[in-house]
Amino acid sequence: MAKIIDLACGVADVHRRYHQIHGAIFGAASFHLIIDALLGRRRHAYQEFSGNLKDLQIELAALEAQVTDLEQRESARGTERELRQMLLEYTRVLSKAIAGLGNIFANLEQDESAYRDPGSDGRSRFTRDKLEYDHLISELERLGTRLNKLFANY
């Protein structure tokens, strides 16, 4: 029982750090990117964010392996089994969201103006990637709500 809570806390910590990076480009903290651009450090900031996201993916993969191992080793019933499965699903979607954000940063770092230029359909590659990323965020929020409810009843 305590192991699943520890793993969930680890996943929550990864999510918190990921969300800080998300906020750096899409939130109020994006103002810092404007300052970095004025100082000629935007590319460096993108590289730093990309590296941090890769580290988070590695950490999250280790946590996912532990949740999977726990699921396979220990039998559980009812709410605990559902909690483990939901945590595993949440971890996987969080990993996809981190990868999606990493892809956005990698493209911004490579050639920001080309990435933001509209294509033949009027949308930029950034817009298309952002729409896919937003879908992952919505799924993550849905799973997070369900996971919170399960923990409240655990």
Side-chain angles (χ1 to χ4, degrees), residues 1-33 42-43 45-112 115-116 119 121-154:
M1 179 166 106
K3 183 70 173 171
I4 192 71
I5 294 171
D6 290 341
L7 291 171
C9 288
V11 171
D13 184 54
V14 169
H15 184 248
R16 177 190 59 79
R17 290 180 283 149
Y18 145 77
H19 196 267
Q20 288 174 331
I21 297 169
H22 166 91
I25 191 168
F26 298 119
S30 65
F31 180 71
H32 291 289
L33 285 177
R42 183 179 283 178
R43 188 178 199 136
Y46 290 154
Q47 289 172 341
E48 185 177 334
F49 290 137
S50 292
N52 290 341
L53 288 168
K54 287 177 186 174
D55 291 344
L56 290 176
Q57 279 190 298
I58 291 168
E59 188 176 338
L60 194 59
L63 289 165
E64 181 180 340
Q66 290 178 46
V67 173
T68 301
D69 185 52
L70 185 65
E71 178 111 350
Q72 293 171 350
R73 274 190 304 119
E74 298 179 19
S75 62
R77 296 181 186 206
T79 304
E80 186 172 347
R81 180 180 42 228
E82 188 177 0
L83 183 60
R84 288 179 188 178
Q85 291 170 348
M86 187 59 59
L87 181 59
L88 191 57
E89 188 175 347
Y90 182 86
T91 303
R92 289 177 178 156
V93 173
L94 179 57
S95 181
K96 288 178 185 178
I98 290 171
L101 186 57
N103 180 53
I104 290 171
F105 276 119
N107 284 313
L108 287 170
E109 177 188 342
Q110 188 175 34
D111 188 353
E112 183 171 358
Y115 187 53
R116 291 184 186 267
D121 64 351
R123 289 186 186 173
S124 66
R125 286 184 10 228
F126 174 80
T127 300
R128 286 191 296 273
D129 289 349
K130 178 72 166 77
L131 289 171
E132 289 177 30
Y133 177 69
D134 287 344
H135 177 73
L136 288 170
I137 297 300
S138 294
E139 181 68 7
L140 195 60
E141 288 175 2
R142 183 188 69 76
L143 293 171
T145 299
R146 179 70 182 130
L147 195 56
N148 283 336
K149 287 179 183 176
L150 286 171
F151 269 112
N153 296 325
Y154 188 56

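We count residues from 1, following the sequence as given.
A distance-only check finds a donor-acceptor pair linking the side chain of Arg128 to the backbone of Arg123 [under 3.5 Å]. Looking only at distances, a side-chain donor or acceptor of Thr68 sits under 3.5 Å from a matching main-chain atom of Glu64. Within the 3.5 Å criterion, the main-chain N or O of Asn103 finds a donor-acceptor partner in the side chain of Asn107.
Looking only at side-chain heavy atoms (C-beta outward), Asn52 and Leu56 stay at 4.5 Å or farther from each other. Between Leu83 and Leu147 the shortest side-chain heavy-atom distance falls below 4.5 Å.
To the nearest 0.5 Å, atom CZ of residue Arg116 and atom CG of residue Asp111 are 11.5 Å apart. Rounding to the nearest 0.5 Å places CG of Leu150 at 4.5 Å from CD of Glu82. Taking CD of Glu139 as the start and CG of Leu136 as the end, the distance is 8.0 Å to the nearest 0.5 Å. Atoms CD1 and CG, on Ile5 and Leu87 in that order, are 11.0 Å from each other to the nearest 0.5 Å. Taking CG of Leu53 as the start and CD of Glu48 as the end, the distance is 11.0 Å to the nearest 0.5 Å. Note that CG of Asp134 is 11.0 Å distant from CG of Asp129, once rounded to the nearest 0.5 Å.
Heavy atoms only, all atoms of each residue included: Ala106 and Ser50 are closest at N-OG, 3.9 Å. Closest heavy-atom contact between Arg84 and Ile4: CG-CD1, 3.5 Å.
In this structure, Tyr90 and His15 have perpendicular ring planes: the angle between them is above 60°, well past the 30° mark. Classified by interplanar angle (parallel below 30°, tilted 30° to 60°, perpendicular above 60°), the ring pair Tyr18/Tyr133 is perpendicular.
Surrounding NZ of Lys96 are at most 12 heavy atoms belonging to other residues, nucleotides or ligands under 6.0 Å away. Within 6.0 Å of the CD atom in Gln85, the count of heavy atoms belonging to other residues, nucleotides or ligands exceeds 12.
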* Asked: Going through the checks in order, is the side-chain contact (heavy atoms from CB on, under 4.5 Å) test met by Leu7 and Thr91?
  -> CA-CA 10 Å; Leu7 291 171; Thr91 303; over 6 Å; no
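Using a cut-off of 4.0 Å between Lys/Arg side-chain N and Asp/Glu carboxylate O, Lys3 and Asp6 are scored as not salt-bridged. Looking at Arg92 and Glu89, no side-chain N of the basic residue comes within less than 4.0 Å of a carboxylate O on the acidic one, giving no salt bridge.
At least one test fails for Arg125 against the ring of Tyr115: distance under 6.0 Å to the centre or angle within 45° of the axis.
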